[in-house]
Amino acid sequence: MKWKGRSVFALVLVSMVVSSLLTLSMMKISANASASQSGTLTASSSPLLNGSGSVEYPQEFRKLYEAFSAIKKDYIQNVTTEQLVEGAIGGMVGSLGDPYSDYMDPQSAEEFTSTLHSTFQGIGTEVTMQNGKVTVVSPFKGSPAERAGLRPNDQIISVNGESLEGLDLHEAVTKIRGPKGTKAVLKVVRAGVAEPLNIVCVRDDIPIETVTSQVMEKNGVKVGVIAISQFSTDTAKHFKEQLASLEKQGIGGLVIDVRGNPGGYLLAVKEIGEVLVPHKGLIVQIAYGANGQQKEEYRSTTDAPKPYPISLLINGGSASASEILAGALHDSGNYKLVGEKSFGKGTVQSTMEMADKSQLKLTIAKWLTPKGEWIHQKGIEPDIKVSQPAYFNATQLPADKVLARDMAGNDVKNLQLILTGLNLPPGRDDGYFDAGTEQAVKQFQTAHKLPVTGKVDAATRTLLEDSLRETMRKPENDLQLQKALEVVAPPK
């Protein structure tokens with residue numbers, strides 16, 4: 001099966017990027033977009049049109065048509081044909097049990113496509129549906145979701161007090177997204193945390209700037225660091241431009257950071273792989289059919305390897321196209337992966353636009369690493385596993401109460417984690433607000449010219465959170481980055 005003549009459609013960057021995690025998406029126009037208004041439905045062992053102009057349908061559709069007719073005739077309330085057809089299609093797709101296959105009615109599809117190539121408003125995270133729960137894949141870097149402390153694999157169970165139970169992904173996303181400046185109060189279930197967390201995200205503009213770069217020095221070597229937040233329309237172009245700029249500055253090593261990158265265009269990661277993978281090596285294999293009988297390969301166009309070492313940073317939010325790049329660099333380039341195990345999304349989706357502008361997205365293939373491994377639901381293990389400091393997992397402090405002496409619980413435990421990250425050790429981390437915790441809070445308040453009460457009120461809470469974010473942004477505190485730099489610029 002060839003992709004030539006088909007356009008690749010990036011299903012990323014909606015205000016909540018809906019269940020995409022896409023590696024590849026194709027656009028097709030329905031061949032049977034309309035039928036004669038005077039046609040009649042008759043049962044047949046073969047579809048779909050006969051010579052008389054009536055519309056025939058497969059024998060298997062008889063049960064469906066009987067149910068449709070009964071509802072139209074006997075249901076207590078009036079229902080439209082459109083309503084029943086939309087429900088039938090949604091039910092068929094839902095029966096697949098595949099979180100990456102999806103149906104969008106015309107309105108949902110229009111909202112979805114309108115945000116593909118522009119700045120959008122929302123909280124800035126990618127979600128999917130896992131076991132009936134809206135599950136975070138990865139917050140975008142610098143987004144309200146990341147600033148608020150949302151983490152990969154968090155389960156969002158309610159928004160502003162409204163339960164998401166029983167909603168499909170598009171309905172849930174509608175609850176989460178909203179105008180800039182408004183709040184989305186998310187109730188979140190997190191593995192290892194006994195009680196649900198309340199995380200407040202202030203919706204904002206989410207700019208689509210997918211590639212950033214800088215030069216850092218490690219052990220006397222100039223190292224280029226390129227971060228890719230997602231694989232979008234112009235990502236490969238910007239990557240090549242920034243890589244060329246870094247090379248002109250004389251870098252002696254390169255670190256590529258795809259942590260928190262949920263994926264995107266296959267063609268974007270393919271073009272990046274073409275300039276990084278040496279010896280015209282294999283980038284990815286696409287396997288079609290239930291048993292993967294048909295395969296298509298994408299190869300590099302580069303002969304010689306880069307004249308400097310390369311390492312790649314991954315974590316649990318690195319998915320799909322990010323994992324393709326990781327597999328390509330590791331298997332075909334023998335470059336080191338640093339960080340934590342990736343998400344594990346190894347399927348390919350095709351999107352078909354129907355005559356009424358609704359869209360049907362179906363999983364039509366799986367992708368394999370150059371060594372033939374299918375990483376779906378397994379992820380890719382790094383060569384060098386590095387965890388971030390514990391305080392990188394801190395969440396927001398409660399906005400609806402003041403934390404003070406002799407209180408206990410997860411909120412106090414989180415406060416103690418934040419204080420530790422700010423080098424103000426409270427002496428304990430079990431969630432009890434004792435004299436040591438109070439003294440650490442007073443030290444913070446004194447240093448920031450706040451009233452020295454030892455209590456965490458609104459002003460103290462805001463500055464604590466801002467200070468921790470600033471601490472986490474400092475490269476020297478990013479243990480994964482420091483290890484990746486050391487890989488390409490080891491001590492002499």
Side-chain angles (χ1 to χ4, degrees), residues 1-10 12 22-26 209-213 223-249 251 253-258 261-288 295-314 318-337 342 345-346 348 365-373 375 380 484 488:
M1 185 175 184
K2 300 294 183 182
W3 300 117
K4 186 176 180 181
R6 296 177 177 179
S7 59
V8 179
F9 197 90
V12 293
L22 286 188
T23 304
L24 172 69
S25 179
M26 302 182 308
E209 182 182 6
T210 63
V211 183
T212 57
S213 64
V223 179
V225 179
I226 300 182
I228 308 173
S229 61
Q230 55 230 347
F231 293 90
S232 191
T233 315
D234 296 322
T235 300
K237 173 177 176 287
H238 293 155
F239 178 90
K240 293 174 187 177
E241 291 172 348
Q242 295 191 38
L243 178 60
S245 174
L246 293 173
E247 289 176 338
K248 287 180 181 178
Q249 297 176 61
I251 60 171
L254 177 66
V255 173
I256 302 171
D257 186 354
V258 292
N261 181 329
Y265 272 124
L266 173 67
L267 292 189
V269 70
K270 169 183 171 289
E271 290 179 24
I272 291 172
E274 286 174 346
V275 300
L276 295 175
V277 174
H279 311 304
K280 296 186 178 179
L282 192 58
I283 297 171
V284 67
Q285 305 175 68
I286 309 295
Y288 308 97
K295 288 185 180 178
E296 184 172 18
E297 296 183 346
Y298 288 103
R299 290 189 169 273
S300 170
T301 57
T302 299
D303 286 316
K306 290 290 186 181
Y308 45 75
I310 299 174
S311 64
L312 185 79
L313 280 164
I314 59 172
S318 306
S320 193
S322 295
E323 293 171 299
I324 288 179
L325 184 60
L329 293 180
H330 181 269
D331 290 359
S332 296
N334 199 31
Y335 296 122
K336 298 297 184 183
L337 307 181
S342 65
K345 196 273 185 180
V348 177
K366 60 185 180 181
W367 65 264
L368 309 175
T369 67
K371 291 184 177 180
E373 183 180 1
I375 59 87
I380 297 177
V488 299

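- Here the CG atom belonging to L267 is positioned 10.5 Å from the OG1 atom belonging to T233, to the nearest 0.5 angstrom.
- A distance of 10.0 Å separates CD1 of I272 from CG of L243, quoted to the nearest 0.5 Å.
- Checked by atom type and distance alone, the side chain of S320 never pairs as donor or acceptor with a backbone atom of G263 at under 3.5 Å.
- Considering only heavy atoms from C-beta on, F239 comes within 4.5 Å of I256 through its side chain.
- Atom-to-atom distance recorded for L368:CG and I286:CD1 is 8.0 Å, nearest 0.5 angstrom.
- Every residue two or more places apart in sequence or in another chain that forms a side-chain hydrogen bond (donor to acceptor under 3.5 Å, both in side chains) with T235 is listed here: T210.
- Of the inter-residue distances, the one linking T301 atom OG1 with E271 atom CD reads 9.5 Å to the nearest 0.5 angstrom.
- Formation of a donor-acceptor pair under 3.5 Å by the E296 side chain with backbone atoms of A287 is not found in this model.
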Could you give me the CA-CA distance, side-chain angles and deciding distance for Y298 and I324, then say whether side chain to side chain contact (heavy atoms under 4.5 Å, CB included) is met?
CA-CA 11 Å; Y298 288 103; I324 288 179; over 6 Å; no
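- Residues S229 and P262 approach most closely at O-CD, 3.5 Å, considering heavy atoms.
- Judged as a salt bridge (charged side-chain N to carboxylate O under 4.0 Å, His left out), and not counting sequence neighbours, the contacts of K237 are E241.
- A donor-acceptor contact shorter than 3.5 Å is absent between the side chain of W367 and the backbone of I375.
- Between I226 and D257 the shortest side-chain heavy-atom distance does not fall below 4.5 Å.
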Begin from the C-alpha positions of V269 and V284 and carry the test side chain to side chain contact (heavy atoms under 4.5 Å, CB included) through to its verdict.
CA-CA 10 Å; V269 70; V284 67; over 6 Å; no
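- V277 and S332 get closest at one heavy-atom pair: CG1-CB, 3.5 Å.
- Heavy atoms only, all atoms of each residue included: L246 and G224 are closest at CD1-CA, 4.0 Å.
- A pairwise comparison of heavy atoms in P370 and G327 identifies CD-O, 3.7 Å as the closest pair.
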Tell me, with the steps shown, if Y288 and V348 meet side chain to side chain contact (heavy atoms under 4.5 Å, CB included).
CA-CA 9 Å; Y288 308 97; V348 177; over 6 Å; no
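- Residue pairs meeting the side chain to side chain donor-acceptor pair (under 3.5 Å) criterion with at least one member in residues 302-312, sequence neighbours excluded, are E247-K306, E247-Y308.
- In this structure H330 satisfies the side-chain hydrogen bond (donor to acceptor under 3.5 Å, both in side chains) test together with D383, sequence neighbours excluded.
- In terms of heavy atoms, L254 sits closest to V488 at O-CG1, 3.7 Å.
- Judged purely by atom type and a 3.5 angstrom limit, Q242 uses its side chain to pair as donor or acceptor with the backbone of V211.
- Using a cutoff of 4.0 Å between basic side-chain nitrogens and carboxylate oxygens, E297 and R299 are scored as salt-bridged.
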Working note: L325 + N261, criterion side chain to side chain contact (heavy atoms under 4.5 Å, CB included); need CA distance, chi angles, decisive distance, verdict.
CA-CA 11 Å; L325 184 60; N261 181 329; over 6 Å; no
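- Separation of atoms CD1 (I283) and CG (L266) is listed at 9.0 Å; rounding is to 0.5 Å.
- By the side-chain hydrogen bond (donor to acceptor under 3.5 Å, both in side chains) test, S342 is found to be paired with E323, residues two or more places apart in sequence or in another chain being considered.
- Nearest heavy-atom pair across V223 and I251 is C-CG2, 4.2 Å.
- Residues satisfying the side-chain hydrogen bond (donor to acceptor under 3.5 Å, both in side chains) criterion with E274, sequence neighbours excluded, are K270.
- Judged purely by atom type and a 3.5 angstrom limit, T369 uses its side chain to pair as donor or acceptor with the backbone of E373.
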